[in-house]
Amino acid sequence: MMTSEAKAQRIAELADDMKAERIEIIDLRQKTSVTSFFVVCSGTSDVHVNAIIDKVNERMRDEGVRSLASDTQGGGWLLLDYGDVMFHAMREERRQFYDLETLWRNKEVDPNLLPESEV
């Protein structure tokens, strides 16, 4: 069984193998109970974004990790939901517009999600 952190790292490695750009792992464990990590990357075109998503999905499945859901309708932003890790592959212009990294980095820590030792 792969930890959330290991899963996020593996997804990032697979995206890198597909020449994804600006790959970033965002730790959300103390900010939301919805998921533990976002992995965000950019592709150079819709075709490239689709190829990244397809390869990550295929390789993770080969390694015994299946996505719970996906949004592969296009529009320059595709998503694979692994429950504890959500993988976003986006065209750069979409990524800059939505700016998930800044949104989540600026979100305050939820005190209800802090480990007992930090409360």
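As the structure is a computational prediction, the values presented were derived from the model and not from experiment. Just the heavy atoms: all of them, side chains too, but no hydrogens, waters or symmetry mates, feed the values below.
Side-chain contact check for V56 versus D54: every heavy-atom pair is 4.5 Å or farther apart. Counting only heavy atoms from C-beta outward, the side chains of L103 and D99 never approach each other to under 4.5 Å. Residues N50 and V47 fail the side-chain proximity criterion, which asks for heavy atoms closer than 4.5 Å. F38 places none of its side-chain heavy atoms less than 4.5 Å from the side chain of I25. At least one side-chain heavy atom of D27 sits under 4.5 Å from a side-chain heavy atom of F37. Side-chain contact between M60 and R66 is absent, with no heavy atoms from C-beta onward closer than 4.5 Å.
Of the possible polar contacts, one joining the R95 side chain to the R22 backbone as a donor-acceptor pair under 3.5 Å is found. Using a distance-only test at 3.5 Å, with no hydrogens or angles considered, no donor-acceptor pair links the side chain of K31 to the main chain of E108. Between the S45 side chain and the H48 main chain, a donor and an acceptor come within less than 3.5 Å of each other.
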Side chains of residues 81-89: which donor-acceptor partners sit under 3.5 Å, not counting sequence neighbours?
| from | atom 1 | to | atom 2 | distance (Å) |
| --- | --- | --- | --- | --- |
| D81 | OD1 | G83 | N | 2.7 |
| D84 | OD1 | K7 | NZ | 2.8 |
| D84 | OD2 | S4 | OG | 2.6 |
| D84 | OD2 | K7 | NZ | 3.4 |
| H88 | ND1 | W77 | NE1 | 3.0 |

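A pairwise comparison of heavy atoms in V39 and A8 identifies CG2-O, 3.6 Å as the closest pair. Here the shortest heavy-atom pairing between D110 and N112 reads OD1-N, 2.8 Å. When all heavy atoms of L113 and R29 are compared, the pair lying nearest together is CB-O, 3.8 Å. Scanning both residues, S42 and I52, for their nearest heavy atoms gives O-CD1, 4.2 Å. Summarising the geometry of S70 relative to L80, their closest heavy-atom pair is CB-CD2, 3.7 Å, with the distance given to 0.1 Å.
For K55, the salt bridge (Lys or Arg N to Asp or Glu O under 4.0 Å) partners at least two apart in sequence or on another chain are E58. Considering only residues two or more places apart in sequence or on other chains, R91 meets the side-chain contact (heavy atoms from CB on, under 4.5 Å) condition with D46, V49, E93.
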Carefully, step by step, assess V40 and I26 under the rule side-chain contact (heavy atoms from CB on, under 4.5 Å). CA-CA 8 Å; V40 182; I26 305 167; 4.0 Å; yes
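Between the side chains of E92 and Q96, at least one donor-acceptor pair of N or O atoms lies under 3.5 Å.
The distance from atom CD of E21 to atom CE of M90, rounded to the nearest 0.5 Å, is 14.0 Å.
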